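Worksheet: one structure, shown below.
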Amino acid sequence: MKTLIAVLLAATCFIGAPLLAADVPVIDKDELKQMLGSEDLIVIDVRAGRDWSSSEFKIQGALREDPNDVEAWAGNYTKDKNIVLYCA
Amino acid sequence: MFRLLALMPLFWLLSPESLRRLGNLAAYGTSGGLFLISLGLISLAAFRAVRNWPGVSGCENGETTQASPPRSTPGLILEFAAVLGTTLFGSTGMLVTAGYTFNEVFYYRFPNLGFAALLLVVLCFLTLLSARLMRLAGSVLLLIVLVCLAILTLTGLLSLDQASVTVRDPMPLKLPGLLVGMMLFVGVEQTAAVSRQEPAVQVYPIYLGSLIVLAGWLFVSSRFVAEDRLAFSSIGHMQAAFQVLGQPGRLLMGLAVICGCCGAVGLLLDKSLQLCAQMLRRPVESLFSRGTVIVLGGAIGAAMMFGLAGSERLEILIRGSLVLWLFYSGFLLLTSISCPGLFSPRSWLAPACAMVYLAGSIYLVTVDPDLPLLAIFLAGWLVSSALCIIVSDAVSRGRIGPG
């Protein structure tokens, strides 16, 4: 029974983990769809490793950047554009 | 029902990891298919020649008995490093892939990480509940993968005239690329182990039949997706399935990926549990042995939660673990040959097969694009495994006492 409780507790914590990111400002796919094609939009795909290679969905025209080295590429983009970061 | 256990040795061959490597192998056209079938046949023949197989890792004093399986320390270190490495890193990769597949193919509102975690918890729970149940469930899941692939392959073969790719010359044959196909045969030595444990099941014909299905799928993939896309894609299998059957094809391949992941991760957890129980000299059912499943499950969960899947290093860790397993397979054959009574002298294929596995795994390390990191991982992982074995040996000896 102790084992079962430990497993269920771990599962609850783990499955709930994505909810911790709920306060990060996000736009949904429909909003992004309306913006696609605009010259003011830059989509940056910051997925890496399996997060990128396992996914079938890649946004056409999105630029790939390393999420662990933001300072190296952040200066390449002007602040007057709408920059959408695409993660997992 | 228990005849399904014959599918157990296919745990890696039908996993999502193999499906993506199979896609890469398809870029070599007929050569890729011939390589798959040839190495598969040689491996099956070689391991079938091991006529007395009590789950050996080696042979001490040239003799063995069924009651006390022989163990050599290098064999045990290799086995521990290979099995635990593949369970930890391979499972992390497969579960994340299954999470993405469910999210993108079946229900996009369900978070991919949440689905991966859910699968992990269910698989750990099943393994803890009953090893036999996990093996049966794993075998059924692998059967589903096989059926999905067979449907896609047959459909593809029947509609070759509608293939969207103009048949061109396949990619030039390159040994490193072709040898990546060796990684499909991780765990092939389990054919001999399962055949011995479950004499009633037809392990070898089923493994061979599965190879034929996979070779067929490889052929169909090469006809429906351009070879340059297959060679470098990690989702070549999904692209091929979509080209063959449209959205239903994608759903079938999605199902195959998720079932393959569950089967492979479940059977890897079971294999790790058996191995740890043997090392600790305790029954598999004991709480102490079962604790290893919780530790492993926790480690895989932590690896997913802390973003290992989002790092390119995961691929290095997986490749390293697979190379270790291939080397272990070769080592196992070699030690079996040199151990009187374990090996049928009729087969000349066994020494050749052992050499292919040993030399192939060393070659794969030397041509790896991340050789320095891979070498560090291999050295570190082998040393850690050796330490674990020394500690577990000391603990179990202390518990049992002298004599």
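Only a predicted model underlies this, so the values are computations on that prediction, with no experimental measurement involved. Every heavy atom of this structure was used, including side-chain atoms; hydrogens, water molecules and symmetry mates were not. Numbered from 1 within each chain, the chains take letters A, B, ... in sequence-line order.
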Under 4.5 Å from any heavy atom of chain A - which part of B:V105 | side chain
Please walk me through it: do A:K58 and B:E104 pass salt bridge (Lys or Arg N to Asp or Glu O under 4.0 Å)?
-> CA-CA 11 Å; A:K58 276 99 182 178; B:E104 295 186 352; over 6 Å; no
For A:A48 and B:G310, which heavy atoms make the closest approach, and how far apart are they?
-> CB-O, 3.2 Å
Given a strict heavy-atom distance threshold of 4.5 Å, which part of B:S311 is in contact with chain A: side chain, backbone, both, or neither?
-> backbone
Flag if over 12 foreign heavy atoms under 6.0 Å of OH, A:Y77 | yes
Closest non-hydrogen contact found for A:S54 with B:S234 is N-OG, 4.5 Å
Please flag which part of B:R313 lies under 4.5 Å from any non-hydrogen atom of chain A: side chain, backbone, both or neither.
-> neither
Can you tell which part of B:I318 gets under 4.5 Å to a heavy atom of chain A, answering side chain, backbone, both or neither?
-> side chain
Output side-chain donor-acceptor pairs under 3.5 Å for residues 259-276 of chain B, partner residues at least two apart or in another chain, one line each.
| from | atom 1 | to | atom 2 | distance (Å) |
| --- | --- | --- | --- | --- |
| B:D270 | OD1 | B:Q274 | NE2 | 3.2 |
| B:D270 | OD2 | B:R135 | NE | 2.9 |
| B:S272 | OG | B:T87 | OG1 | 2.8 |
| B:S272 | OG | B:L268 | O | 2.9 |

Among B:V257, B:V122, B:T97, which has the most heavy-atom pairs under 4.5 Å with chain A?
-> B:T97
Rounded to the nearest 0.5 Å, how far does CZ of B:R20 lie from OG of A:S53?
-> 4.5 Å
For B:Y100 and A:R50 the tightest heavy-atom approach is CE1-O, 4.2 Å
Pair up each side-chain donor or acceptor in residues 123-131 of chain B with any protein partner under 3.5 Å, not counting sequence neighbours, and list the distances.
| from | atom 1 | to | atom 2 | distance (Å) |
| --- | --- | --- | --- | --- |
| B:T127 | OG1 | B:L123 | O | 2.7 |
| B:S130 | OG | B:R132 | N | 3.3 |
| B:S130 | OG | B:L133 | N | 3.0 |

Measure the CZ-CD distance between B:F242 and A:E56 for me, rounded to the nearest 0.5 Å.
-> 9.0 Å
